[in-house]
Structure formats: structure tokens, C-alpha cells
Number of protein chains: 2
Amino acid sequence: MKNTNENVNQKVKLDDVANEAGVSKTTVSRVLNNRGYISEKTRKKVNEAMELLNYHPNEIARSLFINKTFIIGLIFPTTNNPFYGQLIFHLENISEALGYKVLLCNSEGREDKEKSYLEMLQRHQVDGIIAGSHNRGILEYDNPQLPLVGIDRYLSENTPVVSSDNYDGGKKATQLLIDKGCKKIIHINGSPSLETPANLRREAYEDVMKENEYYPQSYVIGENVIETIFNENPNIDGIFASDDLIASSVMKEAKRRNINIPADLKVIGYDGSEITRMLLPELSTIQQPVKEIADLAVQLLLKQINGETESKIEWKLPVKLIESETT
Amino acid sequence: MKNTNENVNQKVKLDDVANEAGVSKTTVSRVLNNRGYISEKTRKKVNEAMELLNYHPNEIARSLFINKTFIIGLIFPTTNNPFYGQLIFHLENISEALGYKVLLCNSEGREDKEKSYLEMLQRHQVDGIIAGSHNRGILEYDNPQLPLVGIDRYLSENTPVVSSDNYDGGKKATQLLIDKGCKKIIHINGSPSLETPANLRREAYEDVMKENEYYPQSYVIGENVIETIFNENPNIDGIFASDDLIASSVMKEAKRRNINIPADLKVIGYDGSEITRMLLPELSTIQQPVKEIADLAVQLLLKQINGETESKIEWKLPVKLIESETT
DNA sequence: GACAACATGTCAACCGGTTGACATGTTTAT
DNA sequence: ATAAACATGTCAACCGGTTGACATGTTGTC
């Protein structure tokens with residue numbers, strides 16, 4: 001049996017298509033990029049050759065020349081989280097619709113991983129980065145060689161940040177608990193060392209509490225914190241958790257202690273992702289406009305990529321109070 | 001003010017590093033790739049130059065030459081789902097540890113999207129693809145130019161598939177309901193038109209039912225199906241849902257109808273992802289070994305990428321029955 | 001019949017690294 | 001003293017497309 005060309009399993013390249021179609025390399029490139037004059041007949045011939053040979057243009061070669069990859073890097077703690085899972089879904093979706101692909105990076109909130117991802121994305125010549133995971137102080141963010149947008153995270157002095165209206169959300173949540181008659185309301189938040197807009201949730205909580213002449217008291221989530229809260233505050237009757245997962249842990253612990261929700265204790269969370277709404281519909285929460293956040297973030301990034309300027313740095317999108325059975 | 005080189009905002013390239021360090025292009029490349037002889041002194045000089053200039057080697061140029069990108073494509077319905085979110089997290093994590101990056105594709109289960117993603121990934125010269133979303137019949141999968149691994153999906157005759165032991169899972173779930181005394185057990189599954197190993201869950205259900213001389217009855221999930229099930233089967237006392245989200249919908253509907261779980265109706269799901277366990281711990285379920293699935297899938301893909309052969313096609317990993325309050 | 005628009009080809013430079021061949025000079029070991 | 005190992009440089013081809021300049025020929029139109 002002859003070892004013909006067709007048997008050799010090597011990638012088909014533009015030259016092969018040109019040969020097959022009996023035209024020049026340039027003509028094939030013209031067909032691919034729709035430039036210059038091309039007759040319908042030739043176009044068809046070339047397309048047929050591409051079909052026949054199962055040709056896929058090498059985007060790497062193209063990227064190298066045009067100095068653009070149409071790839072966006074996404075750096076977030078993890079897809080294994082209802083909120084980020086939904087956010088990343090939308091980010092990818094919107095990007096795809098606009099002709100961009102996404103490289104996914106799960107930083108797990110670790111600075112070292114984030115740093116090496118950042119380096120990796122730059123090596124890969126991504127056109128821009130959207131990041132929602134962050135420990136401020138990573139030098140590379142301050143010296144951005146790259147279009148950059150943060151989601152719910154300050155990345156550097158002049159990097160745009162998109163977030164839900166955290167202050168308003170915190171206000172709505174706290175106010176609801178007060179309106180429902182809670183006297184001893186406690187707030188649980190993530191690590192406050194992070195300089196994130198999400199801290200505004202706590203700020204709003206504190207402000208509203210003081211306005212109503214209550215004493216604000218915040219705990220930071222961590223090992224056994226929820227147990228501690230119940231132990232240290234026997235008269236607790238309201239909890240504002242800064243995300244729904246924390247809220248669900250609170251509910252679990254309350255159940256274990258036979259504390260009745262909402263009769264004895266009212267609970268409200270934050271995020272309101274689709275999955276949480278589906279699996280835990282009874283939880284009251286402040287819902288973030290996830291799709292709108294993703295939309296805006298991508299838009300702002302593309303603006304930067306296209307060299308358009310935009311002076312506004314902080315973008316806050318309205319939240320929605322969802323009252324359910326836990327309040 | 002002079003417009004020195006430093007002011008020009010252009011990407012630093014290998015040549016610049018060479019100039020800065022006062023060595024040749026080749027030497028810099030040798031440092032980068034650790035080949036040939038290099039003195040410590042020179043290595044240091046070069047590294048300092050890279051640091052100083054904030055140099056990031058252009059991986060695109062490198063990929064083009066070595067004909068390898070170290071990128072893996074992931075095609076799944078959506079990250080906005082606890083199971084896929086967790087799976088994708090692990091896939092990315094493991095890949096990263098092995099020096100690969102991932103391009104994320106949310107197919108939404110749509111054939112057209114999947115097709116265009118497949119094409120896109122080939123253009124981008126990914127080294128391989130792991131796919132868990134699929135409508136069989138996409139030609140490209142049958143004619144793979146590319147290393148390929150399926151998760152819970154048959155992609156083509158000889159593409160490796162990794163999945164949980166669906167048959168055993170279906171058996172365990174059904175048997176549990178029977179053991180708990182259910183008489184009228186109904187199964188709800190996803191679209192059965194898909195040729196997926198997950199169909200074995202239904203098969204096991206049917207087999208176990210018949211063995212115990214019960215009449216198996218399956219519904220396909222869709223608009224209002226759950227309501228229909230309750231309406232058509234007033235004496236129903238057991239439901240095996242082929243995933244936890246469906247199970248949670250069943251629970252919701254039961255609550256609406258004041259049907260007590262588990263007294264009047266027992267429910268068991270499938271997946272047992274971390275998020276579901278956290279938000280809906282009361283649900284009994286069959287837990288898939290997500291991390292192990294991801295691990296194996298990546299391993300099998302890398303084997304293909306490295307040209308090693310592996311004749312085993314179907315890989316089944318053991319599931320775990322989690323008994324909770326709904327049974 | 002002449003000129004514009006259309007169609008295609010040839011050729012080479014370019015994107016930014018990698019690599020092999022080869023030359024030259026310096027150390028080190030024996 | 002001499003060969004082997006070490007260190008670095010020069011040069012050019014290469015990866016697979018893209019693009020611009022330029023040439024040549026064909027149609028279509030007024």
C-alpha cells in the first residue's frame with residue numbers, strides 16, 4: 001500500500017488548501033479574511049477545498065501576526081460556588097457572543113495562585129482580564145500592561161470595578177430585620193482584610209443599626225464562628241449574613257439547636273443566585289443582578305481593549321430584596 | 001522631554017531583554033528554556049534584565065513553533081450548576097497543576113453552540129478536549145483530529161468515557177426506596193434521547209423494580225412534569241430523581257401540596273455535589289466522586305496527548321449512597 | 001476602443017520566539 | 001600540555017498565517 005499524502009496525519013495548512021483548490025496562498029487568505037476582489041467561483045472552490053481537507057485555520061499563527069488573541073482571562077475563586085458559577089457562566093456567554101473566548105482561572109482566593117495566573121495570562125497574550133478574586137497588594141495589578149476590570153474587587157487605583165450596590169443591599173437587609181422587630185441583630189461577613197466593595201455591606205449594617213440606636217456587632221466567618229455566635233449571644237434574634245452560603249450554615253445550626261426560624265430568629269443572606277434560590281427558596285436575601293454585572297464588566301473591558309476611554313471607575317448596580325420565609 | 005525608548009508603550013520582547021542584558025538572543029532563549037551551557041553569572045544578568053523590563057515571553061510565538069499550546073478545551077452545559085461547577089473546578093485545578101490551562105465553553109446543551117465551540121477549539125490549537133455536554137451525531141466528534149475524553153457522555157465509538165457507576169447508583173437509589181417500604185416509586189430523568197451513560201440510572205431503576213415485582217414508571221423532566229406526576233399518581237410514595245435539582249423541585253412541589261417528606265413520600269436524588277449537600281443537606285442522594293472523575297479524565301486526556309495508548313474505553317467510578325432525611 | 005473595476009498570482013517581509021549548525025574562546029581535569 | 005567540557009555568539013530556517021506592493025490578465029461600460 002502506498003503511503004500517500006492523505007495517509008500522513010499532519011495538520012492541514014493553508015498551503016494545502018491552496019494546492020487542493022488550485023489557487024495561490026494569497027487567494028485562500030483573501031477568501032478567509034474577505035478582503036480584496038474574489039469571484040464567487042473561486043470562493044466556492046476554496047471553500048470546498050477547505051471542507052474536503054477539513055481545514056481549520058491556525059488561530060495561533062494568526063494571533064501572532066495581528067497581535068491579538070480574542071481571549072479574555074477570568075480570575076475568580078472557584079466555579080464551585082453558586083454565585084461565581086452563575087457569574088462566570090454569563091461572562092463566558094457574553095464574551096462568546098462578542099467573539100471572545102475565555103481562559104478560566106480558579107484562584108481559590110490564594111495570592112500565589114492569582115499571581116501565577118496573572119503571569120500566565122500575560123504570557124498567553126490575552127486581550128484583557130476580568131478578576132473577582134483578589135488580595136490587594138499584588139504588584140502586577142498596579143502596573144497593568146493589560147485591560148483589566150474588577151468585579152466586586154478593587155484591583156488598583158484606576159481599574160474599573162463593577163459591583164452590586166453593596167451599601168444599599170446592606171441597608172435593605174438590616175432595615176428589614178429591624179422592621180420585622182429584631183432587637184439583637186448580628187452581622188457575619190467574609191474576611192474584612194480584603195479591600196472590597198463588599199465591605200460596604202457591613203458599613204451599611206453598622207450605620208443602620210446606629211441610626212436605630214442598636215449596637216452593631218460583626219463576626220468574621222471562620223471555623224466554628226457560627227456556634228460561637230449562638231453561644232455568646234443567647235438573645236440573638238436576627239442575623240444578616242454577607243452571603244447565602246453563610247446564611248445556610250446559620251440555618252443549619254439554628255435547626256440543630258431547635259431555634260425556630262423565623263419565629264425566634266430571622267435570617268437574611270446576600271447574593272440570591274439562581275441555584276441558591278432553587279435549593280433554598282425559603283431564605284430571604286439580597287439579590288445581585290448577576291447578568292447585568294457580567295454584561296457591564298465585559299463591556300467595560302472591551303472598551304479598554306478597543307482603546308476607548310472611560311473615566312468612571314466605580315459602577316454600582318441595583319440590588320433586589322427578596323423576602324421569603326426566614327424573615 | 002525626550003521620547004526615549006522607555007516611554008514607548010510597546011511590548012517587551014526577547015530582543016529587548018538580550019540588549020538590556022548585553023547578550024545574544026540565543027543566550028536569552030537558553031536561559032528561558034534551560035538548555036545548553038549557561039554560567040550562573042549570565043543567567044542572573046538575563047533574569048535581572050527580564051525583571052527590569054517586566055518581560056513576559058510570548059507564549060503564542062512559542063506555541064506556534066513547538067506546535068503545542070498546553071491548553072485544554074472544556075465543553076459543558078454550564079458552570080451555573082452545582083455539579084458542573086464543581087466538576088469544572090476540579091478539571092481546571094488538576095490541569096493547572098499539570099501545566100495546562102483551560103478554555104471554558106458553556107454549550108448550554110445546544111448542538112449548534114457545541115459545534116461552533118468544537119471548531120473554535122481546533123482553530124485555537126488546543127491540545128485536547130474534555131466534553132460533558134453532547135448531542136450525539138455531531139460529525140466532528142466522529143472524526144477526531146484531537147485527543148478527546150467524555151464525561152458521562154459517549155462522544156464517539158472509541159472516545160474514552162469517564163462516569164460514575166450509574167447503574168450501581170440507580171440500583172442503590174431504587175433499592176433504598178424499596179427497603180424503606182415504598183410501593184409506588186417513580187423515576188424522573190433528563191432527556192433520554194441523549195445517548196449517555198446516565199441512562200443506566202433509569203435502566204437500573206427498571207431492573208430493580210421488575211425484580212421486586214413493581215411496575216417501573218419513568219417521566220422525562222420538562223415543563224410542569226412534576227405537577228403532572230403528582231396529579232396522575234395520587235398514591236405515589238417514592239421518587240428517584242436523576243439529579244438533585246430535579247429532586248429539589250419535587251420537594252418544593254410536595255411542600256406546596258402539604259405532602260410530608262419522608263412520611264408520605266420519600267425522595268432520593270443523584271449527584272451529591274458539595275453545594276447541594278450544603279444547601280439541601282436533608283436530601284438523600286447518590287454522590288458521584290467528582291474529583292476522581294475529573295482526575296481520571298485529565299489523566300486519560302494527557303495520555304492521548306502524549307501519544308500513549310489505552311484500550312479501555314468505559315471507566316466507571318464508584319458512587320456513594322448518602323442517606324438523609326428525605327428517605 | 002479605452003479606462004475602470006475586477007480577479008488572481010508572485011514575492012517577500014513580518015509576528016516573536018526556537019533550534020540546529022558552527023565558530024570561537026575560556027576553564028577544568030589529567 | 002592537551003583534550004574535554006563549558007560558555008557564548010552568529011546566522012538562518014522555521015512555525016503558519018497576513019499583508020502590501022506590484023504585475024498581469026479579464027470583463028464590463030460609456
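Here is the naming used below: chain letters follow the sequence lines, and residue numbers restart at 1 for every chain.
The base of C/dG17 does not come close enough to the side chain of A/R123 for any donor and acceptor atom to sit less than 3.5 Å apart. A donor N or O paired with an acceptor N or O is not found under 3.5 Å between the base of D/dC15 and the side-chain atoms of B/S63.
Of the N and O atoms on the side chains of B/E96 and A/N106, not one donor lies less than 3.5 Å from an acceptor on the other residue. Counted by atom type alone, B/S29 and B/T26 present zero donor-acceptor pairs between their side chains at under 3.5 Å.
Backbone-only engagement by B/N58 is indicated by non-hydrogen atom pairs under 4.0 Å involving sugar-phosphate atoms exclusively. Residue contacts for A/D15: at a heavy-atom cut-off of 4.0 Å it reaches no nucleic acid atom on any strand shown.
Atoms CG and CG, from A/L118 and A/L146 in turn, are 8.0 Å apart once rounded to the nearest 0.5 Å.
If you measure from atom CG of B/D16 to atom P of C/dG17, you get 9 Å, rounded to the nearest angstrom. Nucleotide D/dG17 holds its P atom 12 Å from the NE2 atom of A/H56, rounded to whole Å. The distance between atom NZ of B/K41 and atom P of D/dC6, rounded to the nearest whole Å, is 18 Å. Taking atom CZ of A/R30 as the reference point, atom P of C/dT10 lies 11 Å away to the nearest angstrom. Note: NZ (B/K11) to P (C/dG17) measures 10 Å, nearest angstrom. Protein atom CD1 of B/I60 is 14 Å distant from nucleotide atom P of D/dG17, rounded to whole Å. In this structure, the NE2 atom of A/H124 is 17 Å from the P atom of C/dG16, given to the nearest Å. Between B/L53 atom CG and C/dG16 atom C1' the separation is 16 Å, expressed in whole Å.
Judged by closest nucleotide on DNA chain D, A/P57 is the one of A/P57 and A/R35 placed further toward the 5' end. For the pair B/L14 and A/K25, nearest-nucleotide mapping onto DNA chain C gives the more 5' position to A/K25. Summary of the strand contacts: A/V28 and B/I66 both lie near DNA chain D, and taking for each the nucleotide with the nearest heavy atom, the more 5' one is attributed to B/I66.
Using a cutoff of 4.0 Å between basic side-chain nitrogens and carboxylate oxygens, A/E40 and A/K44 are not scored as salt-bridged.
Remark: A/Y55 is not in phosphate contact with D/dG16, judged by side-chain N or O atoms under 4.0 Å from OP1 or OP2.
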- prompt: Would B/Y55 and B/D16 satisfy side-chain contact (heavy atoms from CB on, under 4.5 Å), going step by step from the backbone distance to the final call?
  reply: CA-CA 9 Å; B/Y55 172 67; B/D16 303 324; over 6 Å; no

- request: Under the side-chain contact (heavy atoms from CB on, under 4.5 Å) rule, what do A/I129 and A/I72 come out as? Steps first, then yes or no, please.
  value: CA-CA 6 Å; A/I129 295 178; A/I72 292 173; 6.0 Å; no

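Both the sub-6.0 Å distance and the 45° axial angle are satisfied by B/K68 relative to the ring of B/F70.
Of all nucleotides listed (C/dC14, C/dT18, D/dG16), C/dC14 comes nearest to the side chain of A/F65. Which of C/dG17, C/dG16, C/dG9 sits closest to the side chain of A/L64 comes down to C/dG16. Side-chain atoms of A/L32 lie closest to D/dT18 of the nucleotides C/dT18, D/dT19, D/dT18. Of the candidate nucleotides C/dC11, C/dT18, D/dC11, C/dT18 has the atom lying nearest to any side-chain atom of B/R62.
A heavy-atom distance below 4.5 Å is found between the side chains of A/L91 and A/F76.
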Mind listing the N/O atom pairs, protein and nucleotides 5-7 of chain C, below 3.5 Å?
{"unit_1": "C/dC6", "atom_1": "OP2", "unit_2": "A/Y37", "atom_2": "OH", "d": "2.4"}

